[in-house]
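Only this structure's heavy atoms are used, side chains among them; waters, hydrogens and symmetry mates stay out. Both ligands and their constituent atoms are indexed starting at 1 by order of listing.
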Amino acid sequence: MSSELPPAVEGFPHNFVWGVATSAYQIEGSPEADGKGLSIWDAFSRMPGNIAGNHNGDVACDHYRRWREDVALMRQLGVRAYRFSIAWSRVLPEGTGRVNRRGLDFYDELVDELLSQNIQPYATLYHWDMPWALDARGGWLNRDCAGWFAEYAEAAGRRLADRVRHWITLNEPWVVADQGHLRGALAPGRRSKYDARAAANNQLRAHGAAVAALRTAGPMQLGVAVNLTPQHPASDSPADRNAARLAHAYVNRQFLDPILLGRHPDEMAELYGPAWRPLDDADLAAVRQPIDFVGVNYYLREVVQADAAATPFPFRTVKQAGRPHTAMGWEVYPAGLTEILQWVHREYGAVPLYITENGVALDDMEPGGDLAADPDRVAYLRDHLESALAAMRAGVDLRGYFLWSLLDNFEWQFGYGKRFGVVYVDFASGRRTLKASARWYRRQIEQG
Ligand code: IFM
């Protein structure tokens, strides 16, 4: 461990869960290996123009073949937990019906290897890669998808729940609804408020159905991972404050209110207008299953300004000139993590929380540069851990932190151009190199 690394953030409890996170499509590659069915991401990324550089996840980090090496890297980092996602179409190539034993074998062996290295597996069931066969049946627009998802959850649980104690149903359902069904930036590339609403409702129903299905598979901790982003008004004007209230309901409350409180935020009707379709009471009751934790994915804050002419909503975000931004164009705003954790704690009661994602894409890994030097990432991580600690000191029941991400990987519509990893990946050769942030994170885990 080199001594020039900044010190760890001290004060976390000894049982705090230190982890790293990834997702299937972003790292695995091998889209058709061992009987896997294609997913909407295989289809979407093969359509020219959808992804920067026309990249796709066919190889990605080649994790499907190099996973032992990746577990060894985790071991080197000293992490105690690994959050990964299961590719639905490896388990059920057609999305429902026939279970593909070889697809499950992959995760089965991964879990065994993790446990043998003393790393607890945290499995996410859905990180955006719906089986393509189900898209042909309407995907998230089809009410039946709650049943499809429960069937998949049950199949995964049957095989893995004896060893996987922590399960996350959906990752960032807001992104799926907004970016995948309203703005068309992500798979399946739909662009309609009606579709976005249906996708939101049916994901909520799928979450409830999967929780109910998994509860029967054995004792386990079940949760959901949501992206939360503080929405601050650009000014004190009533119009901007109202815009920030609407944006907050849209981004932060749209999924948590139904899941934890069994109701929709009042603002939804105003936001969706004629496309507004609430779930009925029976559906809301099924969505509001008791869960054991909420996962918070935190990256940035947004500053919101009223704009009556803007579509699809009457507000827009305003870039904060002079403030630091990441390679994604996201404002670096560590205090927002304390704010949002405290907000969840206040708003929804004492539900245990995990930070299921936090990390940063930087441009300092360009060819010719020092692959291993990423001081800005270390600073970002330190500042956000300080913020997490501040929330805990203020009474938030925060149980763990999963750094996004273990590896540089396929960053969706941006292809391989945005590097979030604490491990550098040379995508031509697959070679992995630890960045300074990886060495620092090891120190953090040891001393923090
Ligand atoms: O890479 C993504 C991840 O898949 C979901 N949360 C945000 C990350 C960074 O954009």
Atom pairs, nitrogen or oxygen, ligand 1 to protein, under 3.5 angstrom:
{"unit_1": "ligand 1", "atom_1": "1 (O)", "unit_2": "Gln26", "atom_2": "NE2", "d": "2.9"}
{"unit_1": "ligand 1", "atom_1": "1 (O)", "unit_2": "Trp404", "atom_2": "NE1", "d": "3.3"}
{"unit_1": "ligand 1", "atom_1": "1 (O)", "unit_2": "Glu411", "atom_2": "OE1", "d": "2.6"}
{"unit_1": "ligand 1", "atom_1": "4 (O)", "unit_2": "Gln26", "atom_2": "OE1", "d": "2.7"}
{"unit_1": "ligand 1", "atom_1": "4 (O)", "unit_2": "His127", "atom_2": "NE2", "d": "2.7"}
{"unit_1": "ligand 1", "atom_1": "4 (O)", "unit_2": "Trp412", "atom_2": "NE1", "d": "2.8"}
{"unit_1": "ligand 1", "atom_1": "6 (N)", "unit_2": "Glu172", "atom_2": "OE1", "d": "3.3"}
{"unit_1": "ligand 1", "atom_1": "6 (N)", "unit_2": "Glu172", "atom_2": "OE2", "d": "2.7"}
{"unit_1": "ligand 1", "atom_1": "6 (N)", "unit_2": "Glu357", "atom_2": "OE1", "d": "2.5"}
{"unit_1": "ligand 1", "atom_1": "10 (O)", "unit_2": "Glu411", "atom_2": "OE2", "d": "2.5"}

Completion exercise
With Lys36 as partner, the option from Asp129, Asp42, Asp58 fulfilling salt bridge (charged side-chain N to carboxylate O under 4.0 Å, His left out) is Asp42
Exercise for the section: Output every pair passing salt bridge (charged side-chain N to carboxylate O under 4.0 Å, His left out) with a member in residues 420-432, not counting sequence neighbours, ordered by first then second residue. Expected result: Asp70-Arg432
Handout entry: Six-ring centre of Tyr272, Arg197 cation under 6.0 angstrom, axis tolerance 45°
Key = yes
Completion exercise
Taken in chain and number order and not counting sequence neighbours, the residues that satisfy salt bridge (Lys or Arg N to Asp or Glu O under 4.0 Å) with Asp292 are Arg215
Problem - Centroid separation Tyr122 to Trp167 less than 6.0 Å - result: no
Exercise for the section: List for me each residue that meets salt bridge (Lys or Arg N to Asp or Glu O under 4.0 Å) alongside Glu302, sequence neighbours excluded, and say none if there are none. Expected result: none
